[in-house]
Amino acid sequence: MTTYTRREFIKRAALQSAVVAAGVSFPGIVFPAQQSANISGVEWKKAPCRFCGVGCGLLVGLSGGRAVAVKGDPASPVNRGLACVKGYHVVQALYGRDRLTQALVRKNGKLVPVPIGEALELVAAKMKETIAKNGKDAVAIYGSGQWTIPDGYVALKLFKGAIGTNNVEANARLCMASAVTGFISGFGLDEPMGCYEDIDHANTFVLWGNNMAEMHPVLFSRILARRRDDPNVKIIDLATRTTRTSRMADHSILFAPQTDLAIANGVANLLIRGGKLDRDFIAKHCSFKQGKFDIGYGLEERFKFKEKVTDSSFAAYKALVAEYSPASVARLSGVSPQDLSYLASLYGDPNRKVMSLWCMGANQHTRGTWINNLIYNLHLLTGKISSPGNSPFSLTGQPSACGTVREVGTLTHKLPKGVVTNKAHRELAAKIWNVPVERIPAKPTHHTVDMFRALDRGDIRFVWIQVTNPMVTMPKLNRYRAGAKKDGRFVVVSEIYPTPTTDVADVVLPSAMWIEREGMFGNSERRTQHWEKMVEPPGEAMSDTWQLIEVARRLGYEKLFPWPRETHIRDIWNEYTRFHDNPKHRMAPYELLRERPGVRWPFVNGKETRWRYNAKYDPAAKGTSFDFYGKPDGRAWIWLRRYEPPPEMPDGEYPYWLNTGRVIEHWHTGSMTRRIPILHRAVPAAYVEINAEDARKLAIVNGENVRLVSRRGKIELPVAIDQRGSPPPGQVFVPFFDEAKLINELTLDAYCPISKQPDYKKCAVRVEKISRA
Amino acid sequence: MPVFSYLAHPKPGQGRPLADRLREVPGCEVVPSEGYELIVLVTETEDDSEEKLLHDRLNSLDDLESLAMVYGHDGRELPEDQL
Amino acid sequence: MRGAGGKNQPGLKAFRPGYTFIALCVVLLGALVFIVGSVLNFGGDATVTGNGHAGEGAALQLPGAPPGGGARTGRPMAAAFRAAPRAESAAAQGRHLETFYGRRAYPGAPPAIPHPVAQDFAGNGGARPDGGDGQGGAGDCIACHGPGGYTERFAAYAPVTPHPEFENCRQCHVPQQEASGLFKASDWRTVAPPPLGQSALGGSPPRIPHSLQLRGNCVACHGGPGAVPEIATKHPERENCRQCHVPSQSRQDWRRP
């Protein structure tokens with residue numbers, strides 16, 4: 001028998017107490033010595049949430065081969081143990097009874113089940129046939145920001161590297177493209193300079209058209225917690241309608257749609273006039289640039305636009321923003337001069353650390369690139385950027401809009417590193433893929449809206465749609481649905497449930513979702529998160545990655561896709577990260593991703609980079625202060641941009657603005673969240689929010705059905721007056737999750753001509769009372 | 001013979017480097033959690049003055065976000081009948 | 001191990017193993033009841049901050065800990081309990097453990113809101129002087145779910161929230177329109193809730209069978225007006241719940257290393 005010395009005993013007690021205390025404060029934490037402590041037969045494994053771009057770390061409870069529960073992962077620095085109602089119930093999305101478990105092929109107009117091997121054969125055969133008959137630019141793939149990183153990488157390699165067409169797009173074009181062009185034009189490199197830790201350091205939060213309480217609830221709670229700790233914290237809501245966020249903000253400022261452009265320039269004008277600039281920062285780290293002002297709205301077919309950039313100066317910039325005096329901004333936007341100078345005082349106060357946050361309000365905008373630029377301008381003028389708490393922060397909507405679409409580059413003009421138009425970038429891709437460089441075309445083809453126009457026109461004959469539901473989300477939907485259904489079009493859809501998009505499909509492939517396969521997502525703060533396969537997919541369901549590999553091999557590209565099934569995710573990661581092997585973008589090794597609740601890139605010398613372009617935090621930055629190394633001049637670019645009216649505004653015939661968006665309970669088109677009982681019951685159907693005054697004028701009451709009519713379509717919806725949100729007079733709002741109430745049949749397919757991202761937030765409609773005959 | 005145990009919190013992502021540095025400090029026993037989110041640290045020193053030196057050293061670690069004490073024994077021995 | 005304390009050192013008392021186990025239990029219990037509280041409350045004497053972080057409030061907070069600390073034990077909880085009306089409350093309303101779990105998708109899930117809520121209010125209203133609801137703060141969630149007790153508006157006994165530090169209530173809790181049925185049927189199954197009365201020795205205090213994450217305030221479910229009878233405490237006069245009830249972190253018995 002061993003005896004313990006008193007000292008050993010005390011040390012052991014000390015250790016045990018600490019382990020127990022750790023377990024109490026951080027449930028789920030595992031010390032190797034202690035092994036998985038689990039009290040009720042439930043095993044917990046980490047995964048990032050399947051839904052939004054915040055990228056909360058979750059612990060999924062597993063029992064008997066099924067997911068049975070969810071906890072917020074206390075070890076995740078993103079959400080620190082908290083989730084939202086979607087995250088807490090995400091595992092229920094696996095178990096809808098109408099889950100697709102077999103492949104379906106359309107025969108005599110009807111989708112009938114076939115073995116998945118047969119369906120994959122057919123997909124490969126159709127692709128070959130289409131390429132032979134109509135050329136390789138007649139086949140296309142359309143994915144999404146919910147693609148895992150390996151999904152997107154394999155899709156990109158198959159289409160650009162193997163087949164040799166740039167027909168690769170993703171729905172992130174509809175949600176993030178303006179953020180990307182904003183970053184590229186301002187800084188030369190995509191994705192935020194800061195990170196979520198900025199929230200813990202900032203004391204001023206300006207939300208530009210962002211209903212964060214519903215759309216990024218976990219981050220919003222982090223901001224609210226920050227405000228509880230520090231009475232000096234101010235949350236300013238800048239919005240076109242009153243939302244839950246407005247009600248929880250310290251100050252809510254309503255503005256007329258599109259006039260955010262004028263407001264941002266108006267704030268800049270006041271900063272200059274009030275001498276609230278960081279002149280030293282501007283002199284050392286900023287350049288002034290002017291692009292074209294007359295750029296159209298993307299409504300023309302085959303629109304060609306090249307932005308011509310000229311050098312500009314502070315004097316020219318000052319003269320331009322001087323047009324946006326408080327009085328003229330008030331006239332355009334309805335924002336009072338007091339509110340405008342309040343905003344300027346917050347940005348200009350040297351004692352305030354300012355975070356600007358935005359998402360779809362700024363991005364889904366016919367001048368989306370411009371408004372992104374204009375927000376950066378405010379931070380650059382005041383030097384409030386790239387340091388803890390000073391952070392212009394572009395939020396994302398999808399779990400891997402950053403990780404997959406932006407970093408892998410699943411867009412027509414992109415490669416994992418750089419763009420197809422750049423010879424060196426093509427050469428790097430050709431080298432890593434081991435394909436002849438000529439195979440990668442140097443010219444981009446179609447961005448998303450144009451891709452569906454090309455399908456309608458017949459330039460594209462075959463399209464493979466994965467993890468997205470364009471037959472609910474495309475603007476001016478009637479046109480694109482009719483296009484997809486035309487004869488001679490072949491539509492393949494990889495899905496987990498029947499949707500309006502599988503309704504138009506010729507082949508439906510059943511997909512394994514989320515924790516039914518291994519994968520990675522990348523969130524808004526450059527954090528890559530890995531999860532392992534935890535449960536078996538139902539029936540013959542197969543991951544989107546593996547579907548693509550199966551088809552690639554049937555097309556004869558087995559040499560380019562040689563990875564064995566057991567290790568393919570690791571192998572793909574190792575190949576993909578070769579593209580980013582430099583201090584500006586290096587990614588963490590696979591083994592580390594397995595261990596940690598996500599790792600932020602650039603991951604250099606074993607360290608995550610939290611603030612880019614700041615030599616204090618970023619090993620890629622030269623010198624001792626800031627180095628905006630994305631631009632050839634080492635500077636951040638301040639853009640001269642104007643207010644331009646939107647292409648369609650309310651008029652006598654269509655007197656209301658139509659705004660569309662989400663609600664907290666539903667994710668995008670509801671194909672998952674509507675199958676989660678608690679979420680469906682919370683918001684079972686779409687509705688139209690209308691101002692009480694307008695309702696009185698139209699003699700309509702709460703709950704009454706009205707008809708909404710635009711130049712493109714009409715639907716009937718129940719009215720919601722002063723409910724979840726309250727639009728000001730002259731505006732209505734409709735959520736887009738409801739496939740029975742397709743609001744996108746009414747929206748306009750105008751887009752930002754620079755980013756090609758459509759504007760879902762503004763078009764003109766009329767509200768008709770339905771008379772009971 | 002002061003013995004203390006702590007929950008040591010690394011700065012985000014710095015768990016591994018922190019664990020390595022703590023191991024280099026004499027008198028420290030280091031038990032990291034699997035993901036290195038949290039490190040259990042048991043310290044043992046000879047007397048109060050050595051304890052203070054150790055503290056200064058811990059406080060100088062950059063990767064350390066915070067340190068929460070869980071258990072402390074100041075080294076004085078209790079008479080057996082009081083155990 | 002270094003210095004004079006090596007185990008072969010003469011003069012050191014060797015512990016007899018029999019006592020070691022008992023002594024370890026005593027120490028562990030002490031550590032749990034006594035020290036865990038202070039660890040969870042942070043900011044107390046037991047917290048030593050890393051270098052150079054004074055003044056950066058957030059730096060002191062351990063990730064994973066809800067702002068304002070997690071578990072509240074003892075006096076404040078009991079005080080809250082005493083302040084709440086002592087009616088037959090939940091049971092009188094016919095609310096039982098079945099109802100309790102019926103509102104949750106799985107044990108530990110955030111419960112749905114079982115009563116109608118005005119769509120336009122966001123939660124606790126945050127810093128807005130009017131409580132965010134335009135009704136002088138009288139209509140926010142915390143107005144009823146802070147103190148708990150009988151509310152005339154819903155003619156029901158409101159349970160206390162275990163985490164009043166979170167303001168965006170409807171981030172996790174959503175009302176239900178039961179009449180709407182399901183969009184599509186679901187094959188969801190979860191695990192059974194933990195059995196009641198898991199005491200080690202028949203009459204000994206049952207252990208805490210669930211995680212305390214976001215549920216550190218025992219009164220929320222086990223005392224006060226919202227408690228369903230099956231899990232309501234029989235001895236609300238005792239203040240320090242975790243003096244006797246402890247969570248289990250391991251199913252394994254202790255083994256000599």
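Heavy-atom basis, side chains included; hydrogens, waters and symmetry copies ignored. To find a chain, count down the sequence lines: A is the first, B the second, and so on, and within it residues start at 1.
- Across A:Pro388, A:Gly87, A:Ala69, A:Pro677, the residue that shares the most heavy-atom pairs under 4.5 angstrom with chain C is A:Ala69.
- Contact count versus chain C (heavy atoms, under 4.5 Å) is highest, among A:Asp230, A:Val233, A:Asp98, A:Val70, for A:Val70.
- A side-chain donor from one of A:Ser221 and C:Gln171 sits under 3.5 Å from a side-chain acceptor of the other.
- In this structure, CZ in A:Arg228 is found 9.5 Å from CZ in C:Phe166, a value given to the nearest 0.5 Å.
- To the nearest 0.5 angstrom, C:Phe183 atom CZ is 9.0 Å from A:Thr673 atom OG1.
- At least one donor-acceptor pair closer than 3.5 Å links the side chain of C:Gln176 to the backbone N or O of A:Ile678.
- One N or O on the side chain of C:Gln213 and one on the backbone of A:Gly72 form a donor-acceptor pair closer than 3.5 Å.
- For chain A, the option among C:Gly181, C:Gly108, C:Pro110 with the highest count of heavy-atom pairs below 4.5 Å is C:Pro110.
- Proximity to chain C is absent for every atom of A:Ala720, based on heavy atoms less than 4.5 angstrom apart.
- Note that CZ of A:Arg674 and NZ of C:Lys184 are 9.5 Å apart. Values are rounded to the nearest 0.5 Å.
- Looking at A:Val91 and C:Trp188, their side chains come closer than 4.5 Å, going by heavy atoms from C-beta outward.
- If you measure heavy-atom distances from C:Ala109 to chain A, the contacts under 4.5 Å come from the side chain alone.
- Counting heavy-atom pairs under 4.5 Å between each of A:Arg675, A:Arg97, A:Lys86, A:Glu214 and chain C puts A:Arg97 at the top.
- With hydrogens and angles ignored, the 3.5 Å screen pairs no side-chain donor or acceptor of C:Gln177 with any backbone N or O of A:Pro684.
- The structure places NZ of A:Lys71 at 11.0 Å from CG of C:Leu214, a figure rounded to the nearest 0.5 Å.
- With rounding to the nearest 0.5 Å, the separation of CZ in A:Arg66 from CZ in C:Arg189 is 3.5 Å.
- The most heavy-atom pairs under 4.5 Å with chain A, out of C:Val174, C:Ile113, C:Asp187, come from C:Asp187.
- If you take NE2 on A:His89 and SG on C:Cys172, they are separated by 9.5 Å, rounding to the nearest 0.5 Å.
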